[in-house]
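Right, one structure below, let's go through it.
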There are 2 protein chains.
Amino acid sequence: MTSGLRERKKTATRLALHEAALRLVAERGLDRVSVDDIAARADVSPRTFFNYFASKDDAVVGLDPAGPAEQAAAFTARPTGESPVEAMRAIARETATRMAEDPQLWPLRLQVVETNPALVAKLAAAFSESDRVLATAIAERTGTRVDADALPMLLAGVAGAAMRTSLHRWFASDFTASLPGLVDEAWDAVAAGLPG
Amino acid sequence: MTSGLRERKKTATRLALHEAALRLVAERGLDRVSVDDIAARADVSPRTFFNYFASKDDAVVGLDPAGPAEQAAAFTARPTGESPVEAMRAIARETATRMAEDPQLWPLRLQVVETNPALVAKLAAAFSESDRVLATAIAERTGTRVDADALPMLLAGVAGAAMRTSLHRWFASDFTASLPGLVDEAWDAVAAGLPG
DNA sequence: CGCATGTTTGCAGTTCCTGCACGTTTGGCC
DNA sequence: GGCCAAACGTGCAGGAACTGCAAACATGCG
């Protein structure tokens with residue numbers, strides 16, 4: 001899969017920068033960590049940092065830049081019998097399962113993000129970008145247009161809301177709850193039209 | 001309402017800075033406008049700029065910082081007979097009506113935001129903050145807890161998705177569509193459980 | 001080996017943003 | 001009107017984020 005040495009080194013460096021950023025911010029707080037600090041702990045030059053992340057915040061949040069596109073592809077690949085809502089729900093559940101697999105990374109990420117308001121904003125922006133990509137995929141699958149019909153953006157946005165809600169409850173439960181279970185609950189409520 | 005001279009001057013300065021930022025960015029694009037440019041056009045010192053906005057981006061987007069709290073208050077003030085969904089829908093419609101009243105400001109804002117990716121991110125962050133405040137209000141009204149129950153964040157998030165979708169479609173229609181009408185469509189779809 | 005291509009790094013420079021200190025304006029009070 | 005306290009505007013100094021450029025360096029491939 002990751003064949004060449006070059007690519008392996010790149011992903012290793014990216015991960016090293018992300019983990020360095022995450023741990024430093026967990027220890028000291030966002031504004032007591034500089035890009036130079038992060039670069040130093042990851043053993044690269046400060047200039048190199050910006051070859052991997054566009055900003056300090058991005059390095060801390062450290063999301064896979066290919067994530068949204070992969071989700072969109074997964075959505076497109078769902079069986080044609082499924083309704084758009086069923087398909088979105090299915091990939092949300094898959095994503096949740098994958099997130100919950102690593103008992104360290106996502107909990108630490110969420111802990112650090114919830115503690116630093118600027119990062120909450122960054123994560124929201126990342127979700128919004130993901131929504132945008134997913135909306136395009138939904139439009140293609142359903143033969144609608146993002147600009148004209150409500151469904152694509154609405155469904156993508158609701159999916160994002162369901163995931164954010166579930167992540168928050170997962171965090172609030174100290175990661176003892178089942179993330180896929182929380183995702184299911186959220187989608188049940190959505191499918192029922194959000195009963196009060 | 002706005003009694004003192006002091007307060008009137010403050011809101012005037014804030015508005016001047018926002019309009020300066022908006023028009024300059026509309027003309028040249030975000031990265032060809034500096035804070036100094038904005039301050040100069042608004043006739044204040046660069047240092048004063050930061051007494052009104054925390055960042056250049058915030059000045060361009062220029063949302064009322066009291067907006068989320070006002071929405072939450074409006075939600076709390078809805079008749080007790082209404083379900084949470086009905087109440088949220090009602091204030092969404094009110095908000096949409098108010099936005100559509102000014103035929104200049106919101107269209108220009110949306111135009112500028114959609115043209116500059118960094119601003120899309122900022123707007124998403126602002127919506128997320130609004131969601132957070134609304135979720136708290138929903139929890140209080142329904143006797144649930146934001147940390148434990150899905151409804152507060154989920155409903156707030158869905159409301160945000162409905163508004164973002166409607167704003168996008170309004171923009172895509174060149175502002176010829178009725179924004180409250182689009183909001184109604186979005187909420188109809190949500191209430192029906194997002195049929196495909 | 002040796003070339004083409006991609007990656008790292010240092011450096012100079014711009015812009016954003018903040019803390020601090022000081023002068024000016026405003027509102028309340030007599 | 002005159003006075004005081006609080007709020008506001010401004011200049012300055014400085015740290016940190018980020019970018020473009022060009023020179024070294026590493027890797028893949030023939």
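Here is how names work: the chains are called A, B, and so on, in the same order as the sequence lines, proteins then strands, and each is numbered from 1.
The residues B/Glu129 and B/Arg132 are annotated as salt-bridged, a charged nitrogen and a carboxylate oxygen being separated by less than 4.0 angstrom. Ionic pairing of A/Glu19 and A/Arg41 is not present here: no N-O contact between side-chain nitrogen and carboxylate oxygen is shorter than 4.0 angstrom. Under 4.0 Å is where a charged nitrogen must lie from a carboxylate oxygen, and between B/Arg89 and B/Glu86 no such pair does.
Residues from residues 13-33 of chain A lying near DNA chain C, meaning a heavy-atom separation below 4.0 Å, are absent. For DNA chain D, the neighbouring residues in residues 39-63 of chain B, judged by any heavy atom under 4.0 Å, are B/Val44, B/Ser45, B/Arg47, B/Thr48, B/Asn51, B/Tyr52.
B/Val25 and B/Leu105 end up in the same hydrophobic cluster when Ile, Leu, Val, Met, Phe, Trp and Tyr side chains are linked at under 4.5 Å.
Distance CG (A/Asp36) to P (C/dT9): 13 Å, rounded to an integer number of Å. Distance B/Arg8 CZ to C/dT25 C1': 14 Å, rounded to the nearest Å. Rounded to whole Å, the distance from NZ on B/Lys9 to C1' on D/dC8 is 10 Å. In this structure, CZ of A/Arg6 is placed 4 Å from C1' of C/dG6, rounded to the nearest angstrom.
Between A/Arg109 and A/His18, some side-chain heavy-atom pair lies under the 4.5 Å cut-off. In this structure, A/Trp170 and A/Trp106 have side chains that are in contact, with non-hydrogen atoms separated by less than 4.5 Å.
A donor atom on one side chain and an acceptor atom on the other are found under 3.5 Å apart for A/Asp37 and A/Ser34.
Remark: the backbone N or O of A/Ala148 is paired with a side-chain donor or acceptor of B/Arg169 at under 3.5 angstrom.
Of the candidates D/dC8, D/dA17, D/dG28, D/dC8 carries the atom nearest the B/Lys10 side chain, counting heavy atoms from C-beta on.
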